Amino acid sequence: MKLDIIAGARPNFMKIAPIIAALEKVSDKIQYRLIHTGQHYDKKMSGNFFEQLGIPEPHVNLEVGSGTQAEQTARIMERYEALLLDRHSEHPEPKGEGAWESHNKLQKTSKDHSASVGTTFKGKSDWMLCVGDVTSTMACSIAAKKLGIGLIHVEGGIRSNDITMPEEINRMVTDSITDIFYTTSEVANENLRKLGHMESKIRYVGNTMIDTLLKNMSRFQKPVAWDKFDLKQKGYFVMTLHRPANVDEEQQLKALIDEIVTGAKGMPIVFPVHPRTAKMLKGIGIEADNLHIIEPLGYLEFNYLVKNAFAVITDSGGITEETTVMKVPCMTLRDNTERPETITIGTNELVRTNPDNIAPFMKKLHNGDWKSGGIPYLWDGKTSERIVEDLLSL
Ligand code: UD1
């Protein structure tokens, strides 16, 4: 079997890492090709994750760089299709911020990979496997499916029912043409059944992101921020914010951060910022003694901070899965979630985006009244093995 694996943006990398490790064990039966679209290209958003998680260098980097949703989608589709049609060498010069940088890196790295895992195939694969809900997931799905390639979606079926999120559109489009769904939750299975997908296409396997978390927990690394800000076990908050609804309007971002700083009652708040948020923060100039704004962290450093935190405040989806497994209280600053089991089973609470909602949840936290939470079925570290075993039967 010839299989393409797609990865494009930060949250994809921890989801593909364990699948690739499991595929390496059956390399006599499944030949895979790792394709990085180049949607995320900064070392801090991409390269570090490959190094820390031991992901081999991609066989191909499509080097699409930054752009609007449509620009990125179009570039990824055009370049992935060219690869599938074996016209990759003809693809246009890299476009977009950061694209040349990643192009130059690729020249060096693609050789490293072919040396370490042997030669790969050219042209069309039999199957394409994508993960999550980023632009790269949707764009590659459309390109592959139109060429008759079987489509596998890991983390299929989850829905926020919020069509203003680009990720929700990506999920809906991808799932509408998917052949095999590997799912993370019973809610996802039910969503797919309601959409009329046949039971035989839906395979509840668990969560590959949790495979990565459990595998790497003993390797988590204390970040420089620990000593720099004199952090103490369970004595600080970790915060991440990057959704347009929270960070694209100065007033909203400022109101949220003000409430959080007050609610933290002097406890340090460590805030690694996504490039999108960094651009906005420069404009509003927030300062507080207990607010520590830092660059995005590597996987091992970030999760060290999360594991030892008093609580996490986030608008990410994936982080709520990790806090659930590490049993760290988590407040989600969104009006919906595509991962309801992190609330019904785990330690997550939907605080929503209204800054006035933050204070009562902070009170609960400081009073020690937060729920302890459980772990969803099959989030056990063995999901990728189940996926690869199933792939062998396709
Ligand atoms: C993407 C995903 C989102 C995910 C997030 C995590 C989509 C639709 N969204 O959003 O689901 O939670 O990644 O990180 O795919 N930039 C850099 N360096 C990079 C990459 C981006 O500076 O390596 C800048 C871009 O120039 C742009 C901004 O960050 O200004 C946004 O990047 P983009 O890839 O468009 O989407 P994300 O917001 O990162």
Side-chain angles (χ1 to χ4, degrees), residues 6-16 36-51 58 61-77 80 94-106 130-142 153-155 158-160 162-174 209 239-249 253 271-283 295-299 302 312 314-322 332-334 336-339:
I6 306 294
R10 186 170 60 179
N12 288 166
F13 307 137
M14 41 294 232
K15 293 173 193 168
I16 59 149
H36 191 326
T37 64
Q39 179 182 340
H40 283 178
Y41 45 82
D42 279 358
K43 189 156 172 58
K44 291 202 162 71
M45 300 294 286
S46 174
N48 278 351
F49 289 80
F50 277 71
E51 279 165 29
N61 190 322
L62 302 178
E63 303 149 3
V64 299
S66 292
T68 64
Q69 294 281 321
E71 284 167 349
Q72 280 184 326
T73 305
R75 267 186 235 140
I76 296 168
M77 286 179 68
Y80 183 43
K95 281 184 209 146
E97 198 187 324
W100 269 113
E101 197 192 331
S102 79
H103 173 78
N104 292 337
K105 252 184 253 153
L106 173 78
C130 58
V131 296
D133 54 18
V134 301
T135 302
S136 303
T137 310
M138 177 190 73
C140 290
S141 296
I142 298 172
H153 187 197
V154 174
E155 202 189 89
I158 62 174
R159 291 290 184 277
S160 65
D162 175 0
I163 198 72
T164 66
M165 290 173 71
E167 292 84 357
E168 183 72 354
I169 299 173
N170 296 339
R171 292 181 199 118
M172 290 166 73
V173 173
T174 304
M209 216 170 156
M239 173 160 83
T240 79
L241 294 175
H242 74 284
R243 300 252 164 236
N246 287 330
V247 307
D248 280 3
E249 247 184 60
L253 182 60
F271 185 15
V273 292
H274 182 282
R276 178 190 207 104
T277 318
K279 284 180 198 163
M280 286 307 293
L281 280 175
K282 273 191 195 133
E295 297 247 301
L297 291 170
Y299 180 83
F302 181 74
V312 170
T314 189
D315 59 6
S316 151
I319 292 172
T320 67
E321 297 182 341
E322 292 165 336
T332 291
L333 303 188
R334 287 174 52 188
N336 44 64
T337 175
E338 60 289 332
R339 293 163 164 93

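Small disclaimer: the values here were computed from a predicted structure and weren't measured. Sequential numbering from 1 along the given sequence is applied to the chain's residues. Remember, it's 1-based here, ligands and their atoms both numbered in the order they're listed.
- The proximity of Pro11 to ligand 1, defined as any non-hydrogen pair under 4.0 Å, is limited to the side chain.
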| field | CA sep, side-chain torsions, deciding dist, call: Thr73, Thr135, side chain to side chain donor-acceptor pair (under 3.5 Å) | value | CA-CA 6 Å; Thr73 305; Thr135 302; 5.1 Å; no

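- Close contacts between ligand 1 and Gln72 involve ligand atoms 34 (O), 35 (O) [criterion: under 4.0 Å to a heavy atom].
- Near Gln69, with a cut-off below 4.0 Å to any heavy atom, the atoms of ligand 1 are 8 (C).
- Listed by number with element, the atoms of ligand 1 under 4.0 Å from a non-hydrogen atom of Glu167 are 2 (C), 3 (C), 9 (N), 11 (O).
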| How far apart are the C-alpha atoms of Met165 and Glu338, what are their side-chain angles, what is the distance that settles it, and do they pass the side chain to side chain contact (heavy atoms under 4.5 Å, CB included) test? | CA-CA 11 Å; Met165 290 173 71; Glu338 60 289 332; 4.2 Å; yes

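- Atom-to-atom distance recorded for Thr37:OG1 and Tyr80:OH is 11.5 Å, nearest 0.5 angstrom.
- Atom 39 (O) of ligand 1 has its nearest heavy-atom neighbour, among Met138, His274, His242, Arg276, in His274.
- Atoms of ligand 1 lying under 4.0 Å from any heavy atom of Ser66, numbered from 1 in the order shown and given with element: 25 (C), 26 (O).
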| Chi angles and distances behind the side chain to side chain contact (heavy atoms under 4.5 Å, CB included) call for Met172, Arg159 | CA-CA 8 Å; Met172 290 166 73; Arg159 291 290 184 277; 3.8 Å; yes

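- When only interatomic distances are considered, the shortest N/O to N/O separation between Asn170 and ligand 1 does not fall below 3.5 Å.
- Taking every non-hydrogen atom of Met45 and a distance limit under 4.0 Å, the qualifying atoms of ligand 1 come out as 14 (O), 19 (C), 23 (O).
- When the heavy-atom distances from atom 32 (O) of ligand 1 to Glu71, Lys279, His40 are ranked, the shortest goes to His40.
- Note: His36 and Phe50 meet the aromatic proximity criterion, with ring centroids under 6.0 Å apart.
- A salt bridge links Lys43 with Glu51: at least one charged nitrogen is closer than 4.0 Å to a carboxylate oxygen.
- The CD atom of Glu63 sits 11.5 Å away from the CZ atom of Arg75 when rounded to the nearest 0.5 Å.
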